[in-house]
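Have a look at the structure below before the remarks.
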Amino acid sequence: QVQLRESGGGLAQAGGSRRLSCTAAGIIANMNGMGWYRQARGKQRELVAAIDNDGSTKYAESVEGRFTISRDNAKATIYLQMNNLRPEDSATYYCAVGRSWEALTTERPDYWGQGIQVPVFS
């Protein structure tokens with residue numbers, strides 16, 4: 001069974017940093033789109049960042065310039081470097097993998113991680 005194993009969450013102070021990691025355990029034949037969604041309490045789920053197999057990226061406007069997504073295909077791992085965190089970034093963050101870019105970026109990934117908490121306090 002494929003699992004997306006996430007790490008790096010936890011309490012953060014406003015202005016601080018965290019790096020999230022997500023490793024695909026088990027074989028995934030197609031990982032064209034990989035990324036991170038988040039859902040804050042009482043808010044809609046949103047795509048935070050995505051990266052395709054060419055290294056092209058997409059970011060939510062609210063995080064652009066502060067967050068950086070990257071991938072290591074050999075390790076089947078993606079990372080989300082989060083800098084200058086704000087209380088508004090507090091959310092559950094979910095790793096996601098789509099067999100296609102479209103699937104990933106339209107909230108229809110083929111695989112979801114279980115989510116990790118990132119509370120940001122001012």
Side-chain angles (χ1 to χ4, degrees):
Q1 179 177 317
V2 173
Q3 291 185 346
L4 302 182
R5 298 180 176 174
E6 303 146 315
S7 63
L11 179 66
Q13 292 287 335
S17 298
R18 281 283 189 274
R19 190 177 79 155
L20 306 183
S21 299
C22 174
T23 297
I27 298 173
I28 301 178
N30 191 314
M31 297 173 62
N32 284 337
M34 303 182 71
W36 294 89
Y37 280 83
R38 69 184 181 188
Q39 186 165 26
R41 185 167 54 243
K43 295 186 177 181
Q44 297 292 319
R45 182 173 55 226
E46 65 173 341
L47 179 66
V48 178
I51 186 166
D52 72 7
N53 55 9
D54 294 324
S56 297
T57 57
K58 175 184 175 68
Y59 295 94
E61 290 184 6
S62 60
V63 308
E64 193 162 11
R66 299 187 297 119
F67 291 11
T68 302
I69 189 169
S70 59
R71 65 189 288 167
D72 184 335
N73 290 330
K75 296 180 179 179
T77 297
I78 60 169
Y79 306 94
L80 185 67
Q81 179 66 45
M82 305 186 294
N83 295 329
N84 193 24
L85 285 161
R86 304 168 179 171
E88 308 92 85
D89 296 317
S90 296
T92 301
Y93 284 73
Y94 298 90
C95 181
V97 175
R99 288 190 286 262
S100 70
W101 179 254
E102 181 182 15
L104 171 68
T105 59
T106 57
E107 301 188 65
R108 295 180 293 111
D110 297 284
Y111 304 95
W112 286 103
Q114 293 193 175
I116 52 176
Q117 301 288 334
V118 182
V120 182
F121 294 90
S122 61

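This is a predicted model, so every value here is computed, not measured.
- Here the closest heavy-atom approach between residue I69 and residue G35 is recorded as CD1-CA, 3.8 Å.
- Hydrophobic clustering of Ile, Leu, Val, Met, Phe, Trp and Tyr side chains at less than 4.5 Å, counting indirect connections, unites L4 with I78.
- Using a 4.5 Å heavy-atom cutoff, the side chains of Y94 and V48 are not in contact.
- Under the 3.5 Å distance criterion, the side-chain polar atoms of R99 are left unmatched by any main-chain donor or acceptor of N30.
- Nearest approach of P119 to G10, heavy atoms of both residues: CD-O, 3.4 Å.
- Contacts of S21 classified as side chain to side chain contact (heavy atoms under 4.5 Å, CB included), with partners at least two apart in sequence or in another chain: S7, R19, Y79.
- Listed by chain and number, the residues in a side chain to side chain contact (heavy atoms under 4.5 Å, CB included) with E64 are Y59 (sequence neighbours excluded).
- Listed by first then second residue, pairs satisfying salt bridge (charged side-chain N to carboxylate O under 4.0 Å, His left out) with a partner in residues 36-59 read R38-E46, R38-D89, R45-E107, not counting sequence neighbours.
- For the 3.5 Å distance criterion, the side chains of N83 and S17 qualify, holding a donor opposite an acceptor.
- In the displayed structure, Q39 atom CD is contacted under 6.0 Å by more than 12 heavy atoms of other residues, nucleotides or ligands.
- Relative ring orientation between F67 and Y93 is described as tilted, the plane-to-plane angle lying within the 30° to 60° band.
- Residues R108 and E102 meet the side-chain proximity criterion, which asks for heavy atoms closer than 4.5 Å.
- For N73, the side chain to side chain contact (heavy atoms under 4.5 Å, CB included) criterion is met by R71, not counting sequence neighbours.
- Both V2 and M34 belong to a single network of hydrophobic side chains, linked directly or stepwise wherever heavy atoms of I, L, V, M, F, W or Y lie under 4.5 Å apart.
- When atom types are taken as modelled, the side chain of E6 and the backbone of L20 share no donor-acceptor pair closer than 3.5 angstrom.
- Here the closest heavy-atom approach between residue L80 and residue A49 is recorded as CD1-CB, 3.9 Å.
- The side chain to side chain contact (heavy atoms under 4.5 Å, CB included) search around S90 returns V120, not counting sequence neighbours.
- Cluster annotation: L104 is not connected to V97 through the hydrophobic network of ILVMFWY side chains, with a link wherever side-chain heavy atoms come within less than 4.5 Å.
- Heavy-atom minimum distance, T23 versus K75: CG2-O, 3.8 Å.
- Counting only residues at least two apart or on different chains, the disulfide bond (SG atoms under 2.5 Å apart) pairs with a member in residues 45-105 are C22-C95.
- One hydrophobic cluster, built from ILVMFWY side chains closer than 4.5 Å, cannot hold both I116 and Y37; they sit in different ones.
- Expressed to the nearest 0.5 Å, how far OG of S100 lies from CG of N53 amounts to 11.0 Å.
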